[in-house]
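What follows is a set of notes on a single structure, which appears directly below.
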Amino acid sequence: MFFALAGAVATPAVAAPVADEPSADWVWVRYLASAHPYSTVRTAAWSALISSAPDAAIDAFIDSGYDYAVSRAQERRSRNLDFIRRVYETTTAEYSPEVHAEAGRLLGRNATDSERELFVRSGYEDARTRDREYRDAVGEQERALVQADWDYVRLLSTDDPGEQVRLSASHAVREGATEDDLVEFFAYGWATGARLDLEVFRMRHAHDNMAWRATLTRLIADAQAAEQAAREAGEEAKEQAKTTAVQAWRQVGEHTGPARSGWTDAEEFALRQAENWRAVLAAATAAEGPNWAAILDPAGESETAWLAERNAAAQQAAYWESVLRQSREAEQRVQNQA
């Protein structure tokens, strides 16, 4: 959470927001409310943001609400819904009609938990089989394949930034792969791998940042207490108390190291992904035929999503830089105490 540095009454808050601008905690929770893969986390984050006492609600969400929402999401019902929603959002009625239609139905209010469970266990694969059989019967997508398509997917299997896309592409062009496997990649595997890569990225960095923030809160509280003790210490204990306080604030600054490098790396990776999907969109636009048409919308959506992740990562990197800067200012303030 955002914190106020101990010191004189006039001491500014660490990374204090400009008047009328949202706090860094608000920005972070707002990001989770819109981007976290788990619907339970998104809902809990939104509830904190629109609370009648949002500051307290946001603090509570960061302190314990996030972990609780994640644990709820890991329950079977929520996992099933998240899976079905991902399937629905990464398929189209044109290229995967059976899968798309069934996933859409199961997201409706009239669907039961048992139906969703059955879809996750076997219905999804059954629907994929029916879609595949339909594409085989029509034959349009297989006839449209050219050598350049195989070459492009082979390149993806080794060079794509996303691990899940690489795995899906590798399966499509593995030894013994058929034209049907390549069609399946264009129709389904590429977009699904892209969504999984995005979700893994979001989950990993959300988890790391929450852990960093939890430790930061404790370190700040310790440093503030140490600075207060130094301020109130008698003459004989003054220097030792100041040394303890300086060390405590130094720990705050050192703690920002993994967060600063982590978010900088995340920003660079997100930019690389955005550039990659911009190139895919250009290739799909230039190509002809139904296979490349299937990736047009997912490519544009992926580019937009990764650009948003880059901006969010830059915000977090700036936040942790501000914590480092003001922790150093706190060290200096303690050292200058009379």
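Computed from a predicted structure; not experimentally measured.
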Please identify each residue that fulfils side-chain contact (heavy atoms from CB on, under 4.5 Å) with A284, with sequence neighbours left out. W292, I295, L296
Residue list, side-chain contact (heavy atoms from CB on, under 4.5 Å) with N276, at least two apart or on another chain: D160, P161, Q273, V280
Could you tell me if R213 sits above the aromatic ring of Y66, with its cationic atom closer than 6.0 Å to the ring centre and no more than 45 degrees from the axis? no
With sequence neighbours left out, the residues meeting salt bridge (Lys or Arg N to Asp or Glu O under 4.0 Å) with E301 are none
Just jot down the salt bridge (Lys or Arg N to Asp or Glu O under 4.0 Å) partners of R202, sequence neighbours excluded, or say none. E309
Return the CD to CD distance between E254 and Q247, rounded to the nearest 0.5 Å. 10.0 Å
How many angstroms lie between CZ in R105 and CD in E102, if you round to the nearest 0.5 Å? 4.0 Å
Test item: side-chain donor near acceptor, S64 and D67, under 3.5 Å: no
No-hydrogen, no-angle side-chain donor-acceptor test under 3.5 Å, E117 and N80: yes
Please give the remaining members of the hydrophobic cluster of Y95, linking ILVMFWY side chains under 4.5 Å, ordered by chain and number. none
One pair to check against salt bridge (charged side-chain N to carboxylate O under 4.0 Å, His left out): E227 and R231. What are the steps and the verdict? CA-CA 6 Å; E227 184 171 354; R231 189 178 299 109; 3.3 Å; yes
Quick one: side-chain hydrogen bond (donor to acceptor under 3.5 Å, both in side chains) partners of W190, sequence neighbours excluded? none
